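Not measured: the values here are computed from a predicted model. Ligands are counted one by one from 1 in listed order, and the atoms in each one are counted from 1 as well.
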Amino acid sequence: MPLSRNAVPLRERLIFAMDVPDTSSAQALADRLGDSVCFYKLGLELFMDGGYFQLVDRLTSQGKKVFVDLKFFDVPETVGRAVRRLGGRGVTFCTVHGNDAMLAAACSNRGDVKILAVTALTSLDRGDLDDLGFACDPRELVLSRARRAFEIGCDGVISSGLEASALRQHVDSRLLVVTPGIRPVENRPVDDQKRTVDVRQAFLNGADHIVVGRPIRNAADPCAAAESIQRTIADVFAG
Ligand code: C5P
């Protein structure tokens, strides 16, 4: 599978999942990471702390890219209005987890924010999809949702590294593929991520960005862990 040819600056290919409970520890961790991380994903846990948007603004004013991962899911009008409120503050990505009408409402209101569609949560297996009334193969569902997301005008999708190559083969190559669940092989048994790939393989499968949380956050030296991932990325793209 060829590497993604979407124009993404090399050091922005690593997105750090800032999964910490409050904004002051988030800012302290960002200070510690310094130049080793250029792109931050801020999710629901931090959103429950009052300072979410102050943190977004601080990071963007420090020249960092920010991914607002709040997985909007509501009636299309409400999704559209929520996305519109994100515009103009330097946010790069946000996630929408919904059907065609929700994705379309998000795209119509995106302004300067890129819309990433969550096709099917990677925590759902075939049995879970059956329970939800989707009697279909998860891989087929992901591919069909990704094709629709691209046709509707979404900028990208969130996808496991294992599905990235199928997306690259069967969906337009301009669709951005953002891949969480990255683990060095030896970490596989120790946490809740099951469908993992390592940094190199994610990009060889066609990912544009990887999202990495615990392998950086829990490292003895998070800055060194992030720099090591940056070196691997530079190495993969150098061929
Ligand atoms: O710590 P870890 O590297 O597993 O962090 C991965 C991040 O990506 C977390 O913030 C998690 O919420 C997010 N994510 C994921 N799987 C998805 C979608 C998002 O792990 N399907």
Q: V211 heavy atoms, cut-off 4.0 Å: which ligand 1 atoms fall inside?
A: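 In order of numbering, the contacting atoms are 7 (C), 8 (O).
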
Q: Against heavy atoms of A17, which atoms of ligand 1 measure under 4.0 Å?
A: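 Those atoms are 7 (C), 10 (O).
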
Q: Would you tell me which option among H97, E45, R217, R183 has the nearest heavy-atom contact to atom 4 (O) of ligand 1?
A: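 Checking each option, the heavy atom nearest atom 4 (O) of ligand 1 is found in R183.
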
Q: Can you tell me if N99 uses its side chain to pair, donor with acceptor, with the backbone of M102 under 3.5 Å?
A: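 Judged by distance alone, yes, a pair lies under 3.5 Å.
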
Q: Provide the number and element of each atom of ligand 1 under 4.0 Å from a heavy atom of R214.
A: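 With R214 as reference, the close atoms of ligand 1 come out as 1 (O), 2 (P), 3 (O), 4 (O).
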
Q: At a 4.0 Å threshold, what atoms of ligand 1 neighbour a non-hydrogen atom of D19?
A: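 Near D19, meaning under 4.0 Å from one of its heavy atoms, ligand 1 has 9 (C), 10 (O).
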
Q: Looking only at the aromatic ring of each residue, does the gap between the centers of F39 and F67 stay below 6.0 angstrom?
A: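 Between F39 and F67, which both carry aromatic rings, the centre distance is not below 6.0 Å.
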
Q: Within this structure, what is the CG-CZ distance for the pair N205 and R200, rounded to the nearest 0.5 Å?
A: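 These two atoms lie 12.5 Å from each other.
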
Q: Say you draw a straight line from CZ of R147 to CG of L167; how long is it, rounded to the nearest 0.5 Å?
A: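 Rounded to the nearest 0.5 Å, the CZ-CG separation comes to 9.0 Å.
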
Q: When rounded to the nearest 0.5 angstrom, what is the spacing between CD1 in I158 and CG in L116?
A: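 Those atoms lie 4.5 Å apart.
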
Q: Would P215 count as a contact of ligand 1 if the rule is a heavy atom under 4.0 Å away?
A: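 Yes; P215 lies near enough to ligand 1 that a heavy-atom distance drops under 4.0 Å.
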
Q: Are any side-chain N or O atoms of R217 and backbone N or O atoms of D19, one a donor and one an acceptor, separated by less than 3.5 Å?
A: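 Checking the backbone N and O of D19 against the side chain of R217, a donor-acceptor pair under 3.5 Å is found.
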
Q: Within ligand 1, which atoms have a heavy atom of G213 less than 4.0 Å away?
A: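 Answer, ordered by atom number: 1 (O), 2 (P), 3 (O), 5 (O).
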
